[in-house]
Q: 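Supplied in structure tokens, the structure appears directly below.
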Amino acid sequence: MLPAVEYGSAAMAALLLRDLDQVVSPAGTSAPLRGRALGRLVVLERGYVLCEGDRIARVGSMAELASADVPSDAVEVDGRGSSALPGLVDCHTHACFAGDRAEEFALRAGGASYEELHAAGGGILATVRATRAAGEQELAHAVERHRGWMLAHGTTTFEAKSGYGLDRATELAQLRAIAAAGGVPTWLGAHAVPPEFPDADAYLDEALRDVLPEAADVAEAADVFLERGAFDAAQARRYLEACAAAGLALRLHADQFTEAGGVRLAVELGARSVDHLEATGPEGVQTLARSDVVAVLLPVAALFLGRPMPPARALVDAGAAVALATDFNPGSAFCESLAVVMSLACTQLGLTPAEALSACTVNAAHVLGRSDRLGRLVPGYSADVVLLDVSDWRYLPYHLGGEHVAVVVKEGEVVWER
Ligand code: NIG
Ligand code: FE
């Protein structure tokens with residue numbers, strides 16, 4: 001049983017999570033993890049995690065915990081019957097949007113396709129209309145609300161993209177709203193061509209001239225949707241090269257429906273990641289395996305749209321760096337739970353629970369440039385910890401749709417409790 005913990009705005013001096021049935025962390029110190037190393041975890045039985053300020057001070061087994069190691073003012077949490085994991089990292093979301101697409105969901109359930117709805121001015125463009133109509137404050141509240149949903153599922157760090165403004169004011173408002181909510185902002189300035197432009201190139205001319213300079217001050221990375229009906233490889237290259245010159249890290253949405261050169265472009269430009277890959281064939285798998293680009297897999301999007309699953313097992317076996325994320329958005333993946341993503345990874349992608357955990361902790365942190373402080377339970381790392389109300393951490397992927405996240409600690413503070 002986990003007793004109630006008092007928490008407030010002041011950072012806790014020390015927090016001792018004690019008598020945990022399991023303390024689980026990806027093994028080693030390097031990132032990203034590839035091949036067999038992806039599935040190697042350190043699992044301590046009867047362990048503890050001691051947080052001091054916003055950092056992890058010590059991790060070990062209870063038998064070796066001396067009272068002299070624990071600051072006298074430490075708040076203690078009784079972890080009997082529970083397990084501890086690193087806070088989960090969601091490295092790909094579209095959490096800043098207004099409105100919803102419940103009607104589109106019903107139409108798709110009746111047989112309409114995602115790409116058809118997009119071509120008819122619905123889909124992404126429907127969310128663009130709703131997001132443009134919302135003010136910055138409404139967008140900020142939306143991100144905060146979505147952040148709360150994520151936290152309740154154990155996500156302590158999230159990335160979020162713009163891309164539902166596609167005009168200067170709304171794109172910048174989205175990026176600021178994401179940063180204000182504590183998210184890692186990515187400028188998805190090339191998500192779709194808004195209807196007021198005759199073509200993609202005309203839109204990119206304006207976006208790169210008028211939005212990029214300020215977007216680069218707020219965002220950490222840039223992203224593009226390289227796909228038929230969105231941006232082609234030449235347009236994606238132009239956009240990404242300009243963004244790299246402005247100091248942004250690069251990400252791509254590619255091979256979601258068709259292979260259109262996104263993997264090659266990602267490797268050539270030294271992108272942090274290429275995301276989706278539902279349509280990637282054996283050549284793309286080999287190209288990624290020889291590169292430093294992380295393959296970010298989004299099995300909820302494949303499930304939600306009834307698409308084939310990405311070739312996860314082949315990627316891991318070939319030695320590619322693989323991360324998992326939700327793709328949380330109102331159209332193709334209305335799901336904020338990395339536990340559900342991990343379940344799908346185990347049942348649909350052929351990954352083991354251990355591989356799935358590393359893919360949404362240390363490898364996801366690497367995609368966000370933070371693997372030196374996030375994604376592991378080791379001294380010196382950010383004190384971001386998830387406690388499950390079960391002794392075996394594997395219930396997280398095993399219990400599909402289960403609710404085992406009991407306590408969430410971020411930077412040494414209990415920020416959520418069931
Ligand atoms: O990652 N594919 C492009 N973008 C998002 C979907 C956005 C939307 O449908 O609103 C994705 O699936
Ligand atoms: Fe996405």
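Please read all numbers here as calculations on a predicted model, not as lab measurements. Each ligand, and each atom within it, is numbered from 1 in the order the structure gives.
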Q: Salt bridge between E268 and R237, side-chain N to carboxylate O under 4.0 Å?
A: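 The answer is yes: the pair qualifies as a salt bridge.
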Q: List the steps and the verdict of side chain to side chain donor-acceptor pair (under 3.5 Å) for R132 and T170.
A: CA-CA 6 Å; R132 284 179 175 179; T170 318; 5.1 Å; no
Q: May I ask you to check whether Y114 and F304 place their ring centres under 6.0 Å from each other?
A: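 For F304 and Y114, the ring centres are not under 6.0 Å apart.
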Q: Are the aromatic rings of Y239 and W187 close, with centres under 6.0 Å apart?
A: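 That pair passes the under 6.0 Å test.
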Q: Run through ligand 1 for me and note each protein residue having a heavy atom under 4.0 Å from it, chain first, then residue number.
A: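 Ligand 1 is contacted, at a heavy-atom distance under 4.0 Å, by H92, H94, R101, Y114, I124, Y164, H191, F225, H253, Q256, H276, D327, N329, G331, S332.
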Q: Less than 6.0 Å separating the ring centroids of F328 and H94?
A: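 Between H94 and F328, which both carry aromatic rings, the centre distance is not below 6.0 Å.
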Q: Tell me every residue that passes ring-ring contact (aromatic ring centres under 6.0 Å, His included) with H399, counting only those two or more places apart in sequence or in another chain.
A: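 Here the qualifying residues are H404.
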Q: Does a side-chain N-to-carboxylate-O contact under 4.0 Å join E283 and R290?
A: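 No.
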Q: Under 2.8 Å from the Fe ion (ligand 2), which protein atoms of type N, O or S occur, listed by chain and number?
A: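 N, O, S partners closer than 2.8 Å: H92 NE2, H94 NE2, H253 NE2, D327 OD1.
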Q: Does this structure show an ion pair linking R272 with D292, if we count only N-O contacts that are shorter than 4.0 Å?
A: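 So R272 does not pair with D292 through a salt bridge.
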Q: Applying salt bridge (Lys or Arg N to Asp or Glu O under 4.0 Å), which residue pairs with at least one partner in residues 366-387 are found, sequence neighbours left out?
A: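 Passing the test, one end in residues 366-387: E220-R370.
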